[in-house]
Amino acid sequence: MAGNDNLQIQVMRSQLGRVRGLGAAKSGVEHWWVERVTSIALLPLTIWFVVAVLMHLGAPQAVVAHWAGRTVNTVLLLALVMLTFYHMQLGLQVVIDDYVNDAKSHLATSLANKGAALILALFAIVAILRMAFKAPAA
Amino acid sequence: MVEFALPKNSKVGKGRIFKAPAGSKKTKEFKVYRWSPDDGNNPVIDTYELDLTRVGPMVLDALIYIKNEVDQTLTFRRSCREGICGSCAMNIDGVNTLACLKPIEEVKKAVAIYPLPHMPVVKDLIPDLTAAYAQLRSIEPWLKSDTNPPPDAERRQSMEERSKLDGMWECILCFCCTTSCPSYWWNGDKYLGPATLLAAYRWIADSRDEYTGERLDALEDPLKLYACRTIMNCTQSCPKGLNPAEAIGKIKQLQLERKG
Ligand code: SF4
Ligand code: SF4
Ligand code: FES
């Protein structure tokens, strides 16, 4: 009878044993907390950046590079991109944890996520530093 | 990966239609999910037309009427019929709630009734909750204390200490919240879900319990606790008006606090 297929049992471990599993990983607090802290820190930084970009609309490249070369601006820009990519990586990891259940693909996507965030952040950092060191110090 | 479509054997088909008897004064349609493990068929939606003048006010009254007068094969759980036992939790009109507390009047069109979402179905409106019960068992929902109680009295608690349990002792473990939680749908094998986390916080907040640290240890996990994404479906669906999302937030606060 077709219905009997439903009765085939592959796992006989008790439900409690399955739920306890390997136990708690004793982590997760930091991920949760840093995700929130970075998002709050990014609020003023992003507003500052958007205003600065609007003020430089249409400005020639040299003017923008000069602006980025001022120590305050260089530091804030670096903080902005580092926090942005770190926050992005944390947030995407949560999405991966939710939607990628298979252990192998989970490891692969997690590594790809962290690697991509790192490379992109490095690109942005190098670009900022090049502007900073080209412009005359101010 | 997340499944975006139902597996083949869960696709819901059209079912039978039970017309209201001739001379009915106030008819209403009830569309009820039906599935039996015995025949190997896919689930179907059966339609029952009832004369509301013969039926009590709540959705559970309609189900009982169907079982008694129309179709004895309809299978569902109920016991107290007054919102205390948690047996009659199901999905009515798209929302998880208790059939005995849900007035038929509140549903404007046909009343759609399904089992609690994303759980294995035992039959018709009965979900298999054994995994959820095991999760509840895993947080050890009982008093743990190394101090002996007074020999001739119960353990004492101040009014303030006792008031910390308000909003939690009322939970009837119907699992409406847990089965409404998308995080639980995706990762229910690892995420403990709002009902169990509310119960965990009930013991964390109990001044008589001396195992707070161990309880927090057992929850400190990216998925067991932190898979809660504060979506708030749980709080919205709770038929007892409780706030599991808030309790989960408090557990996260304590986890942070003890890191210093
Ligand atoms: S607040 Fe947390 S537990 Fe409640 S529905 Fe959202 S993810 Fe689930
Ligand atoms: S918190 Fe509410 S919805 Fe969740 S199990 Fe308890 S009573 Fe049911
Ligand atoms: S029958 Fe007990 S809660 Fe509905």
Side-chain angles (χ1 to χ4, degrees), chain A residues 1-41 86-114, chain B residues 1-4 9 35-41 120-122 128-140 182-193 196 214-231 249 251-260:
Chain A
M1 195 174 107
N4 280 344
D5 294 348
N6 300 333
L7 296 176
Q8 195 181 339
I9 295 170
Q10 278 145 6
V11 181
M12 295 188 81
R13 189 173 192 196
S14 78
Q15 290 285 357
L16 184 61
R18 281 184 247 181
V19 168
R20 283 185 177 157
L22 302 178
K26 302 279 157 44
S27 73
V29 187
E30 192 155 297
H31 185 125
W32 179 80
W33 179 236
V34 175
E35 200 181 327
R36 269 138 198 88
V37 172
T38 47
S39 72
I40 292 167
Y86 194 54
H87 181 80
M88 180 189 90
Q89 176 266 120
L90 289 173
L92 277 177
Q93 189 60 46
V94 165
V95 178
I96 293 169
D97 289 351
D98 275 357
Y99 294 119
V100 186
N101 297 129
D102 162 70
K104 270 188 203 145
S105 6
H106 184 269
L107 181 66
T109 37
S110 303
L111 288 177
N113 170 39
K114 294 192 166 66
Chain B
M1 288 294 280
V2 163
E3 299 142 29
F4 290 102
N9 60 354
W35 180 78
S36 162
D38 300 327
D39 54 19
N41 291 336
V121 175
V122 177
D128 181 356
L129 295 175
T130 43
Y133 292 145
Q135 288 174 316
L136 177 69
R137 164 70 179 74
S138 79
I139 57 108
E140 316 205 333
S183 276
Y184 194 79
W185 298 340
W186 304 157
N187 291 297
D189 53 337
K190 301 190 189 83
Y191 176 44
L192 292 176
T196 290
E214 282 83 348
R215 292 184 186 281
L216 290 174
D217 283 347
L219 295 178
E220 192 185 341
D221 185 274
L223 285 166
K224 278 178 195 289
L225 169 65
Y226 288 97
C228 169
R229 310 295 185 218
T230 324
I231 304 162
I251 300 176
K252 289 174 178 171
Q253 285 302 324
L254 291 176
Q255 296 284 9
L256 188 62
E257 193 179 315
R258 70 179 190 155
K259 295 278 168 187

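Quantities reported herein were computed from a predicted structural model and do not represent experimental measurements. Letters go in sequence order (proteins before strands), and every chain restarts at 1.
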dist A/Asp98:CG -> B/Trp185:CH2 (nearest 0.5 Å) comes out at 12.5 Å
For chain A, the option from B/Pro222, B/Ala227, B/Pro182 that forms the most heavy-atom pairs under 4.5 Å: B/Pro222
Can you tell me how far NE2 of A/His31 sits from OH of B/Tyr226, rounded to the nearest 0.5 angstrom? 11.0 Å
All heavy atoms of B/Ala134 vs all of A/Gln15, minimum pair found to be CB-CB, 3.5 Å
Nearest 0.5 angstrom please: B/Lys190 NZ to A/Leu22 CG, how far? 10.0 Å
So, do A/Ser27 and B/Asp221 sit near enough that their side-chain heavy atoms are less than 4.5 Å apart? no
Residue pair B/Glu220 / A/Val29, side-chain heavy-atom distance below 4.5 Å: yes
Would you check, one step at a time, whether the test side chain to side chain contact (heavy atoms under 4.5 Å, CB included) holds for B/Leu256 with A/Trp32? CA-CA 9 Å; B/Leu256 188 62; A/Trp32 179 80; 4.3 Å; yes
Any side-chain heavy-atom pair from A/Lys26 and B/Asp217 closer than 4.5 angstrom? yes
Which atoms of B/Ala131 are under 4.5 Å from chain A, going by heavy atoms: the side chain, the backbone, both sets, or neither? both
Interatomic distance, B/Leu223 atom CG to A/Asp97 atom CG [nearest 0.5 angstrom]: 5.5 Å
Any carboxylate oxygen within less than 4.0 angstrom of a Lys/Arg side-chain nitrogen, looking at A/Glu30 and B/Lys252? no
Should A/Arg20 and B/Gln135 count as side-chain neighbours, where that means a heavy-atom distance under 4.5 Å? no
Set out, in order, the CA-CA distance, both residues' side-chain angles and the distance that settles side chain to side chain contact (heavy atoms under 4.5 Å, CB included) for A/Val95 and B/Arg229, then state yes or no. CA-CA 10 Å; A/Val95 178; B/Arg229 310 295 185 218; over 6 Å; no
